[in-house]
Amino acid sequence: MSVKLQIFEYNGSALVAMVGKNCFAIASDRRLGVQLQTVATDFQRIFKIHGKLFIGLSGLASDAQTLYQRLVFRHKLYELREERDMKPETFASLVSAILYEKRFGPYFIQPVIAGLGDEDKPFICTMDSIGAKELAKDFVVAGTASESLYGACESMFKPDMEAEELFETISQALLSSVDRDCLSGWGGHVYLVTPTEVTEKILKGRMD
Amino acid sequence: MESVFGLVGKDFAIVVADSSAVHSILVHKTNEDKIMVLDSHKLMGASGETGDRAQFTEYIQKNVALYQFRNGIPLTTSATANFTRGELATALRKNPYMVNIILAGYDKETGPSLYYIDYIASLHKLDKAAFGYGSYFALSMMDRHFRKDMTVEEAIELVDKCIVEIRSRLVVAPPNFVIKIVDKDGAREYAWRQSIKDGQVLAA
């Protein structure tokens with residue numbers, strides 16, 4: 001089917017990260033599409049860099065896979081040299097630098113980074129496809145459903161939520177937003193990270 | 001537009017491709033084999049630009065063989081899929097290959113697997129996949145009738161259902177299809193589904 005090619009909307013995606021009390025949650029949808037056709041309903045958009053650092057990559061799936069491989073490579077080298085994990089702030093600067101390297105031929109990606117930094121202080125940020133960082137204290141969103149996500153998060157978010165309440169809030173925000181976007185959805189994937197554990201949950205939403 | 005589709009069964013995977021070689025309004029031949037046998041236990045069905053398809057699949061086949069010569073053991077299906085994706089991704093911003101690939105393989109440790117790799121190098125492991133205009137019909141038929149762990153007979157029944165849909169509902173439907181299968185005994189041609197044979201004289 002011939003639809004005008006919008007490269008950021010080619011595969012469809014929805015990503016959100018939220019800060020809670022000494023914890024954070026990062027969530028994504030599960031659809032992989034080729035414009036109007038759905039190819040897979042179990043696509044992984046959020047990747048673990050280390051135990052307390054996650055990155056979600058929205059936008060073109062191919063570039064998400066390429067960029068993820070490059071970032072894992074860089075982090076593994078860093079770990080070997082420094083003998084420690086990267087801080088989230090450092091990692092965000094690394095991603096920003098890698099994206100700006102391709103300033104005049106960019107990766108068609110919008111990353112969402114979430115991690116626990118020094119003293120397990122939650123850190124979230126997003127950036128555009130050429131690495132302009134946007135730090136936030138409450139939530140960050142990305143993807144084809146980002147506008148709906150902004151609205152849902154703004155109304156549902158409260159500061160200093162505990163882990164269970166944060167999980168409920170981020171899940172409801174994600175599911176209600178992707179239901180208004182035809183290019184994202186087919187369930188949700190939520191990672192809840194506290195200083196002691198990481199919980200991964202699959203959400204069942206409208207499968208359409 | 002070329003149709004390629006595939007699915008995974010109990011201990012096997014099947015790849016099906018149409019076999020028309022078309023240039024604008026002219027059908028050059030109707031028995032073109034678009035499913036390359038990469039090695040003893042891997043199949044690569046490809047659709048897209050004719051030259052790119054032939055060149056790229058042959059390039060992958062030769063690199064898979066080279067790995068086996070150098071290292072003494074064959075690549076796994078997953079490694080082959082990731083290698084293929086890497087080649088497509090590297091070429092993407094220089095001289096892209098306009099080829100969509102369905103890679104099916106059988107590994108002793110992990111069993112059968114199927115990988116969907118599109119021309120912009122998005123990779124995903126799936127149980128059923130399809131490319132081309134025929135995908136609109138094949139995917140719908142597979143969504144309706146596919147079950148996990150089907151036998152070869154059940155899978156071929158489903159493949160035939162998909163072929164019937166493509167033939168009856170696609171305006172420029174390809175007349176002939178080739179079916180290849182890969183299981184523990186290897187990758188081989190399973191059958192052809194031909195409604196027009198090359199050299200056949202059709203009555204007016």
Side-chain angles (χ1 to χ4, degrees), chain A residues 1-3 5-13 28-47 57-73 98-99 101-109 129-130 144 183-184 186-187 189 207-208, chain B residues 1 3-8 47-48 78-79 81-103 113-143 146 148 169-171:
Chain A
M1 299 277 148
S2 46
V3 179
L5 182 75
Q6 307 256 58
I7 197 78
F8 282 99
E9 282 141 26
Y10 188 74
N11 294 123
S13 52
S28 76
D29 73 320
R30 306 190 79 203
R31 179 182 179 269
L32 174 72
V34 172
Q35 294 184 312
L36 57 94
Q37 188 180 60
T38 299
V39 169
T41 55
D42 58 356
F43 190 67
Q44 176 99 343
R45 259 185 196 98
I46 298 174
F47 302 101
L57 294 164
S58 73
L60 193 66
S62 163
D63 281 350
Q65 287 170 333
T66 304
L67 194 65
Y68 165 66
Q69 286 170 345
R70 281 190 71 185
L71 292 171
V72 158
F73 167 72
I98 287 179
L99 291 175
E101 255 176 13
K102 305 272 185 204
R103 170 64 178 83
F104 299 107
Y107 289 116
F108 299 110
I109 288 294
S129 60
I130 45 175
T144 49
L183 296 176
S184 56
W186 283 94
H189 215 130
M207 302 301 202
D208 65 3
Chain B
M1 221 269 191
S3 310
V4 181
F5 61 96
L7 55 106
V8 173
S47 75
S78 162
N82 278 288
F83 171 69
T84 307
R85 189 208 100 81
E87 291 301 305
L88 286 168
T90 314
L92 181 63
R93 282 172 158 91
K94 297 180 185 137
N95 184 13
Y97 293 107
M98 305 297 285
V99 200
N100 296 311
I101 283 163
I102 294 201
L103 177 70
S113 51
L114 188 83
Y115 289 88
Y116 166 104
I117 310 169
D118 79 359
Y119 74 101
I120 25 180
S122 320
L123 169 72
H124 199 60
K125 183 173 185 301
L126 288 168
D127 282 338
K128 49 188 177 354
F131 281 110
Y133 285 127
S135 70
Y136 292 111
F137 310 105
L139 278 176
S140 300
M141 290 310 279
M142 290 195 283
D143 283 340
F146 178 87
K148 280 192 85 78
R169 290 297 185 181
L170 192 51
V171 61

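Computation of the quantities below employed the complete heavy-atom set of this structure, encompassing side-chain atoms and omitting hydrogens, waters and symmetry-equivalent molecules. Quick note on labels: first sequence line is chain A, next is B, and so on, each numbered from 1.
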- Item | Closest-packed option against chain B by number of heavy-atom pairs under 4.5 Å, given Leu32(A), Asp63(A), Val34(A), Thr38(A) | Asp63(A)
- Item | Whether over 12 other heavy atoms sit under 6.0 Å from Arg169(B) CZ | no
- Atom NZ of Lys102(A): over 12 foreign heavy atoms under 6.0 Å: no
- Message: Using heavy-atom distances under 4.5 Å, tell me whether Asp42(A) contacts chain B through its side chain, its backbone, both, or neither.
- Response: both
- Message: If I measure from the heavy atoms of chain B, does Gln65(A) come under 4.5 Å with its side chain, its backbone, both, or neither?
- Response: both
Would you give the length of the straight line joining atom [atom1] of [X] to atom [atom2] of [Y], rounded to the nearest 0.5 angstrom?
X         : Y         : atom1 : atom2 : result
Ser122(B) : Asn11(A)  : OG    : CG    : 5.0 Å
Arg85(B)  : Gln69(A)  : CZ    : CD    : 5.0 Å
Ile120(B) : Phe108(A) : CD1   : CZ    : 10.0 Å

Is it the side chain or the backbone of [X] that comes within 4.5 Å of chain A heavy atoms, both, or neither?
X         : answer
Phe131(B) : neither
Asn82(B)  : side chain
Ala129(B) : neither

- Item | Closest approach of Arg93(B) to Gly105(A) (non-hydrogen atoms, all atoms of both residues) | NE-O, 4.0 Å
- Message: On a heavy-atom basis, which atom in Leu123(B) and which in Phe43(A) lie closest, and how many Å separate them?
- Response: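 For Leu123(B) and Phe43(A), the tightest heavy-atom pair comes out as O-CE1, 4.2 Å.
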- Testing Asp118(B), Leu139(B), Leu126(B) for side chain to side chain contact (heavy atoms under 4.5 Å, CB included) with Val39(A), which one passes?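 Checked Asp118(B), Leu139(B), Leu126(B) against Val39(A); only one passes side chain to side chain contact (heavy atoms under 4.5 Å, CB included): Leu126(B).
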